[in-house]
Amino acid sequence: MLSAKSESDMTSLAPSSPSRSPKVPVYYVQSPSRDSQVSHDGDKSSSMQATPIYNNSPMESPSHPSFGRHSRNSSSSRFSGMFRSSSGRKGSRKQHRSNDKGWPECKVIMEEGDYDDLDKALSRRMQILIALFGFVVLFTIFCLIIWGASKPFKAEVLVKSLTVSNVYVGEGSDFSGVPTKMLTVNGSLRFTVHNPASIFGIHVSSTPINLLYSDISVATGLLKKYYQPRKSSRTVSVIFEGTKVPLYGAGSSLKYSSTGALAPIPLTLNFEIKSRGYVVGHLVKTKHIRAISCPLVIDPAVTKALKLKQSSCTYD
């Protein structure tokens with residue numbers, strides 16, 4: 001009724017209004033009726049209501065008061081229907097995606113892996129690291145114990161005899177042409193090396209074996225390196241020799257007998273015996289050094305071996 005009345009008012013007012021501008025076409029906006037807006041799942045082909053819209057001047061606008069209310073009602077119904085329809089569609093989607101408890105479902109970002117698996121992997125790594133660290137600590141303690149137990153096992157050395165085969169004193173000159181007395185000595189030395197260790201063998205070597213006259217080395221020899229098993233003894237022989245060694249001022253102290261023979265010569269035998277034992281491979285090893293010094297008096301006229309007692313030498 002309201003729509004029909006407004007259209008009759010418009011037709012009655014049209015001839016009386018002055019024609020100041022050319023006639024403008026009338027546009028209609030079709031809005032859904034309230035019945036179609038209220039019922040969400042009803043018939044979508046409900047009756048549509050036409051509402052005229054004028055683009056004329058204010059004088060040509062309809063002055064019926066009901067037309068404004070109808071326009072406002074239709075516009076408000078359009079917005080309210082739009083919100084209700086959109087809310088209805090959203091509600092249907094939420095109900096479609098809701099879980100058993102009625103809560104809306106949401107997308108969950110699935111991370112790679114699982115925290116439980118990660119914790120298990122970390123715990124395994126920690127256990128491996130702790131076990132490895134414990135093994136290293138225990139092995140280190142074991143090696144220290146073995147090293148401490150192997151320290152007292154020092155190689156024992158005993159000089160047996162010294163044989164001088166040739167002693168000769170003559171006149172000569174050194175490499176620079178300085179005239180001096182020259183001494184030639186040849187001989188051999190026998191000594192015994194004993195390994196008291198019961199858990200490892202030793203590698204035996206020596207420093208140069210020197211026969212000294214007034215702090216001048218007149219003969220030199222060297223022990224060849226060898227391996228000696230545990231709890232064993234070995235007697236070795238070393239040859240020493242010195243040929244035309246210049247004595248310089250020390251030659252004046254040499255004495256001769258009434259027959260012109262060379263008097264006994266005071267000499268000193270000095271050398272070091274080195275022993276190295278590998279207890280646990282190359283990780284645990286022991287090293288010992290024995291310094292031997294023996295004061296001697298050599299008679300050039302006697303070529304027989306000079307036997308030495310244990311008290312005749314000092315062993316450090």
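Being a predicted model, the structure only gives us computed values, none of them experimental. Only heavy atoms go into these numbers, but all of them, side chains included; no hydrogens, no water, no symmetry mates.
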Asks: Is a side-chain donor or acceptor of Arg290 paired with a backbone partner of Ala155 at a separation under 3.5 angstrom?
Replies: yes
Asks: Tell me if a side-chain donor or acceptor on Ser206 pairs with a main-chain N or O of Leu223 at a distance below 3.5 Å.
Replies: yes
Asks: Mind checking the CG-CD1 spacing from Leu254 to Ile265? Nearest 0.5 Å is all I need.
Replies: 5.5 Å
Asks: Let me confirm one number: the CD1-OH distance from Ile202 to Tyr278, rounded to the nearest 0.5 Å.
Replies: 12.0 Å
Asks: Where the side chain of Arg230 meets the backbone of Ser198, is there a donor-acceptor pair that is under 3.5 Å apart?
Replies: yes
Asks: Looking only at heavy atoms, what is the nearest atom pair of Asn270 and Ser293, with distance?
Replies: OD1-OG, 2.8 Å
Asks: Can any side-chain N or O of Gln228 pair as donor or acceptor with the backbone N or O of Val193 at less than 3.5 Å?
Replies: yes
Asks: Nearest 0.5 Å, what's the OG1-NZ distance between Thr163 and Lys307?
Replies: 10.0 Å
Asks: Might you confirm whether atom NZ of Lys181 has over 12 heavy atoms from other residues, nucleotides or ligands at distances under 6.0 Å?
Replies: yes
Asks: List the steps, then state whether side chain to side chain contact (heavy atoms under 4.5 Å, CB included) holds for Val185 with Tyr168.
Replies: CA-CA 7 Å; Val185 179; Tyr168 175 78; over 6 Å; no
Asks: Show, in sequence, the C-alpha distance, side-chain angles and deciding distance for Val164 and Thr303, and conclude whether the side chain to side chain contact (heavy atoms under 4.5 Å, CB included) test is met.
Replies: CA-CA 6 Å; Val164 176; Thr303 58; over 6 Å; no
Asks: Of all heavy-atom pairs between Pro208 and Thr220, which one has the smallest distance, and what is that distance?
Replies: CB-CG2, 4.0 Å
Asks: For the rings on His288 and Phe153, is their centre-to-centre separation under 6.0 Å?
Replies: no
Asks: Apply side chain to side chain contact (heavy atoms under 4.5 Å, CB included) to residues Val204 and Lys225 and explain how you reach the verdict.
Replies: CA-CA 6 Å; Val204 183; Lys225 186 178 180 179; over 6 Å; no
Asks: Look at the side-chain heavy atoms of Ile, Leu, Val, Met, Phe, Trp and Tyr, link any pair under 4.5 Å apart, and say whether Leu212 and Leu267 land in one connected group.
Replies: no
Asks: If you apply the rule side chain to side chain contact (heavy atoms under 4.5 Å, CB included), what do you find for Glu171 with Met182, and how did you get there?
Replies: CA-CA 6 Å; Glu171 297 291 335; Met182 315 291 286; over 6 Å; no
Asks: Which distance, rounded to the nearest 0.5 Å, do you find between the CD1 of Ile292 and the CD1 of Ile209?
Replies: 8.5 Å
Asks: So, does Thr192 use its side chain to make a donor-acceptor pair with the main chain of Arg234 at under 3.5 Å?
Replies: no
Asks: Roughly how far apart are Ile298 CD1 and Leu262 CG, rounded to 0.5 Å?
Replies: 11.5 Å
Asks: Using the side-chain contact (heavy atoms from CB on, under 4.5 Å) definition, which of the options Ile239, Leu162, Val236, Leu211 pairs with Leu189?
Replies: Leu162
Asks: Quick check: closest heavy atoms across Ile216 and Leu247, and the distance to 0.1 Å?
Replies: CD1-O, 3.6 Å
Asks: So, Thr286 side chain and Lys151 main chain: donor-acceptor pair closer than 3.5 Å or not?
Replies: no
Asks: Would you say the side-chain atoms of Asn195 pair up with the backbone N or O of Ala197, donor to acceptor, closer than 3.5 Å?
Replies: yes
Asks: For Tyr227, look at atom OH and say whether over 12 heavy atoms of other residues, nucleotides or ligands are found less than 6.0 Å away.
Replies: yes
Asks: More than 12 heavy atoms of other residues, nucleotides or ligands under 6.0 Å from OH of Tyr315: yes or no?
Replies: yes
Asks: Starting at CG of Leu158, measure out to OG of Ser233 and round the result to the nearest 0.5 Å.
Replies: 10.0 Å
Asks: Does Leu308 offer a backbone N or O that forms a donor-acceptor pair with the side chain of Ser312 under 3.5 Å?
Replies: no
Asks: Identify the two heavy atoms, one from Phe271 and one from Val159, that lie closest to each other, and give their separation to 0.1 Å.
Replies: CZ-CG2, 4.1 Å
Asks: Ignoring hydrogens and geometry beyond distance, is a side-chain donor-acceptor pair present between Ser253 and Tyr213 at under 3.5 Å?
Replies: yes
Asks: Assess, by modelled atom type and distance only, whether the side chains of Asn186 and Ser165 contain a donor and an acceptor separated by less than 3.5 Å.
Replies: no
Asks: Consider only side-chain heavy atoms of I, L, V, M, F, W and Y, link residues closer than 4.5 Å, and tell whether Val284 and Ile199 are in one cluster.
Replies: yes
Asks: Please find the pair of heavy atoms, one from Phe200 and one from Ser150, that lie closest to each other, and give the distance.
Replies: CE2-CB, 3.5 Å
Asks: Any sub-3.5 Å donor-acceptor pair from Thr184's side-chain atoms to Lys244's backbone N or O?
Replies: yes
Asks: Taking the six-membered ring for Trp, is the centroid-to-centroid distance between Phe142 and Phe135 below 6.0 Å?
Replies: no
Asks: Between Val245 and Val178, is there shared hydrophobic-cluster membership here, with clusters defined by ILVMFWY side-chain heavy atoms closer than 4.5 Å?
Replies: no
Asks: What is the minimum heavy-atom distance between Pro264 and Pro266, and which atoms define it?
Replies: O-CD, 3.8 Å
